[in-house]
Amino acid sequence: MVKIKPAEMTKISITGPKSQLETTIDTLHDLNLLHIEDYDGELETGEPRDEAEGLSELLVDIRSVLSKLPEKENRREKQQASVEEVQESFEEVRSSVDRLKSEIEISKRRIKELEEEKDFYKALKGSEADLGKVRSTRSLDVAVADLKIDRFREKVDTDRYDIFKGRKASAIVFEKEVSQEVTSALQEASNEVHSIPSDLREGVPSEALRSIESDVQDVRDDREETEEELEGLADEWAGKLRFVEGFLTERIEKAEAPLNFATTERAFIAEGWVPSDKYDTLEEEVANAAEGKVHIQKEDGGEAPVKHDNRGPVQSFESLTDLMAVPKYNEIDPSAIIFLTFPLFFGFMIGDFGYGLTTLLVFYAGYRMFEGAQDIFKSLMWASFATMAFGLAFGDAFGYVIFGENSVLATQFGLEIFAQIPMLFHRATHLGQVFTVSALIGLVHVNGGYLIGAYNEYSKHGLKEAFLEKGSWILLEVGVALWYFVGMTAGLPVMLIAVVALYVGEGVEGIVEIPSLMSNILSYFRIFGVSVAAVALAAVVNGIASTAFATGGLLGIAMGTAILVIGHVFNTFIKIMEGFLQGIRLHYVEMFGKFYEGGGKKYAPFGARDAS
């Protein structure tokens, strides 16, 4: 069911003796209905329960350990355990996790050091210089550089050196007494002087490389054993820690709840908001739990929190509304509007059955991988379905025409049935129609915003204000249309009436903003631009792939296939970015600006993990 406004809320106060405070808090937490308001009055606020501080410290420690444990899908599931069980072994578990993580980090740094050492010796591979043996002598030293050998020999003022040329660099072995002459010549005759590891290995570079590879393998083996041990700890403890984390979170919420209540020596007062259709439930449950010793009554005033009141697929589009701003309590919730139009905009712009499938796969992967953004990805999956629908209407799949007389399935594969399937039109050959549709979308969408804005004004201030502030814009458009289709004598009077009404309703600001009406509508030609670009990008990939296929042979087929796969994967992400950004922008900027204020306070009921 689609609701045009957020759920109706009722402000209440709960008053009772302190002896019933804990019972009341437990009941409210279990109900997940009351959005608690922080007390801001003359009375003192309550004190948290004695256990709050200790539980908070334990919760922080548990979350710290969980953040260090390796993630796996099955480890997100909670495994029942008591706080006492976890506390008994927690220090040992934490110590083991810290030790293992430290060992893994040391292994990673050691492998990085060995890889850098390997690069050093790779540059010298092919030479016969035993740098370790050279460094072990008292009289000799060594330098390694990308050397211009002939220029070096011209510049060096000694012959007490030898050069060992490697694949990418050269080693210069020289007597220490002539180090100044060698160093000076190196500065003029080398592109880069390499830093030399502090502990040089004995043997020629090829032998040193084998030694390094052996060390790398040893470190990797040790790291794998450490990671397996950490995995074992995670298998044993991750589920238990998550269970206790949830339990402690709930206990702490309850323990700290009195901080939001007003208290006296013997009584407490809590204020908050509850959905109006749940008021009776809350009143009955709290009264029963407190054995009638707690009084609940309705209150006036205050800013109500906003609870979206949509059902079915519209719910996932609430995330796109909140991405901009939570609606105010008394204004229209535009989630249903986004549900009706955003997938159509996205689908029309991409308009390709193949890309509809690939975007659906991407969005589904995002839905599985990012738990906090599941609603957004669900809404985007609707956009993928619309993309597939428009792709069938336009006869497009990855830029290939699949229906009609030019169907690639008919001409290339002999599937004549596809040539008999009609399509709406193909965008590459009907640019004028795409342009016209984009303009019509702009007119309908922008004026839809004005109509919703008129409804908001009517609800708050009456019919007169609705006409002056919003209806005048629509009247102005009618005047322009009459001038264009009938003539100046028909259109000009209507336009003048609209301008006067606009001035009365919005003042000089309204007159100044008249040019913005045209820019708002012109913005919808983004749909035209993205739609045409989508066809062109797919055609470019297909054209390059066709050239590769035309060369024939296995290499041509392999190259063509690779170009198609890589190109269309790249295009998928480009189309997602363009389709989402341009589609949602037309809602947020061009349409919502006509009626939407936002800035509401989101409903966050006490006890609920995920406030809706």
Side-chain angles (χ1 to χ4, degrees), residues 68 70 95-232:
K68 297 173 184 177
S95 175
S96 297
V97 169
D98 288 343
R99 173 181 57 80
L100 294 171
K101 290 291 287 187
S102 175
E103 290 177 5
I104 290 170
E105 288 304 315
I106 291 171
S107 297
K108 288 179 179 178
R109 289 196 296 272
R110 179 58 182 152
I111 288 174
K112 184 178 179 181
E113 291 169 359
L114 290 170
E115 291 295 339
E116 290 172 354
E117 189 180 0
K118 187 195 295 185
D119 290 339
F120 172 79
Y121 281 106
K122 275 184 177 179
L124 290 171
K125 193 173 183 181
S127 74
E128 296 301 318
D130 187 338
L131 304 187
K133 186 176 290 186
V134 169
R135 272 282 175 90
S136 67
T137 66
R138 294 182 179 180
S139 59
L140 298 178
D141 204 350
V142 64
V144 176
D146 296 340
L147 192 64
K148 299 174 182 175
I149 294 176
D150 292 340
R151 183 168 177 77
F152 175 79
R153 285 175 172 154
E154 290 175 9
K155 294 294 181 181
V156 71
D157 293 330
T158 181
D159 60 357
R160 296 160 66 184
Y161 67 88
D162 203 354
I163 297 175
F164 296 86
K165 190 174 184 306
R167 181 185 298 172
K168 295 182 179 178
S170 298
I172 304 95
V173 178
F174 55 90
E175 296 181 15
K176 290 182 179 179
E177 294 177 358
V178 297
S179 61
Q180 186 173 348
E181 291 89 338
V182 171
T183 302
S184 176
L186 278 175
Q187 291 175 351
E188 296 188 48
S190 64
N191 296 323
E192 179 186 359
V193 177
H194 295 268
S195 59
I196 298 176
S198 55
D199 295 325
L200 285 168
R201 296 173 185 261
E202 291 190 4
V204 298
S206 58
E207 294 171 339
L209 284 170
R210 285 195 293 271
S211 173
I212 292 170
E213 286 290 355
S214 176
D215 287 353
V216 168
Q217 189 58 49
D218 289 343
V219 175
R220 283 179 176 158
D221 290 342
D222 290 342
R223 191 178 79 181
E224 284 180 10
E225 288 182 12
T226 306
E227 288 174 342
E228 286 177 6
E229 188 176 348
L230 187 62
E231 292 278 352

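- Arg201 approaches Ala208 most closely through the heavy-atom pair CD-O, 3.9 Å.
- Checking side-chain atoms of Ser190 against main-chain N and O of Val193 turns up no donor-acceptor pair under 3.5 Å.
- Here the straight-line distance linking atom CG of Asp146 with atom OG of Ser170 works out to 8.0 Å at 0.5 Å rounding.
- Judged as a salt bridge (Lys or Arg N to Asp or Glu O under 4.0 Å), and not counting sequence neighbours, the contacts of Asp98 are Lys68.
- Atoms NZ and CD, from Lys118 and Glu113 in turn, are 14.0 Å apart once rounded to the nearest 0.5 Å.
- Across every non-hydrogen atom of Ala169 and Val144, the tightest pair is CB-CG1, 4.1 Å.
- With respect to Lys148 and Glu188, no salt bridge is recorded, no charged nitrogen being found less than 4.0 Å from a carboxylate O.
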Decide yes or no on side chain to side chain contact (heavy atoms under 4.5 Å, CB included) for Phe120 and Leu131, but give the supporting numbers first. CA-CA 12 Å; Phe120 172 79; Leu131 304 187; 3.9 Å; yes
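- Looking at Asp222 and Arg110, no side-chain N of the basic residue comes within less than 4.0 Å of a carboxylate O on the acidic one, giving no salt bridge.
- Contact of the Leu147 side chain with the Leu186 side chain is registered, since non-hydrogen atoms from C-beta on lie closer than 4.5 Å.
- Residue pairs meeting the ring pair (Phe, Tyr, Trp, His ring centres under 6.0 Å) criterion with at least one member in residues 132-162, sequence neighbours excluded, are Phe152-Tyr161.
- The heavy-atom pair separating Val134 from Thr137 by the smallest distance is O-OG1, 2.7 Å.
- The neighbour count for Gln180 CD, taken as heavy atoms of other residues, nucleotides or ligands under 6.0 Å away, does not exceed 12.
- Salt-bridge formation is detected for the pair Arg99/Glu103: a Lys NZ or Arg NE/NH1/NH2 atom is positioned less than 4.0 Å from an Asp or Glu carboxylate oxygen.
- Screening Lys108, Arg109, Arg220 against Glu115 for a salt bridge (Lys or Arg N to Asp or Glu O under 4.0 Å) leaves a single residue, Arg220.
- The number of heavy-atom neighbours closer than 6.0 Å to CD of Glu192, taken from other residues, nucleotides and ligands shown, is above 12.
- When all heavy atoms of Ala171 and Val142 are compared, the closest pair comes out as CB-CG2, 4.3 Å.
- Expressed to the nearest 0.5 Å, how far CD of Glu181 lies from OG1 of Thr158 amounts to 6.0 Å.
- Applying the salt bridge (charged side-chain N to carboxylate O under 4.0 Å, His left out) test to pairs two or more places apart or on separate chains, those with a residue in residues 161-176 are Arg160-Glu175.
- With a 4.5 Å cut-off on side-chain heavy atoms, Arg135 and Ile196 count as touching.
- Interatomic distance, CD1 of Ile106 versus CD1 of Ile111, reported as 12.5 Å (0.5 Å rounding).
- Atom CG of residue Asp119 and atom CG of residue Leu114 lie 11.0 Å apart, to the nearest 0.5 angstrom.
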Could you go through the side chain to side chain contact (heavy atoms under 4.5 Å, CB included) check for Phe164 and Leu124 one step at a time? CA-CA 8 Å; Phe164 296 86; Leu124 290 171; over 6 Å; no
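- Glu207 places a side-chain N or O within donor-acceptor distance of the main-chain N or O of Val204, the cut-off being under 3.5 Å.
- The distance from the CD1 atom of Ile163 to the OG atom of Ser127 is 12.0 Å, given to the nearest 0.5 Å.
- Tyr121 places no side-chain N or O within 3.5 Å of a backbone atom of Ile212 that could act as its donor or acceptor partner.
- Counting non-hydrogen atoms of neighbouring residues, nucleotides and ligands closer than 6.0 angstrom, the CG atom of Asn191 exceeds 12 such neighbours.
- At most 12 heavy atoms of other shown residues, nucleotides or ligands fall within 6.0 angstrom of atom NZ in Lys133.
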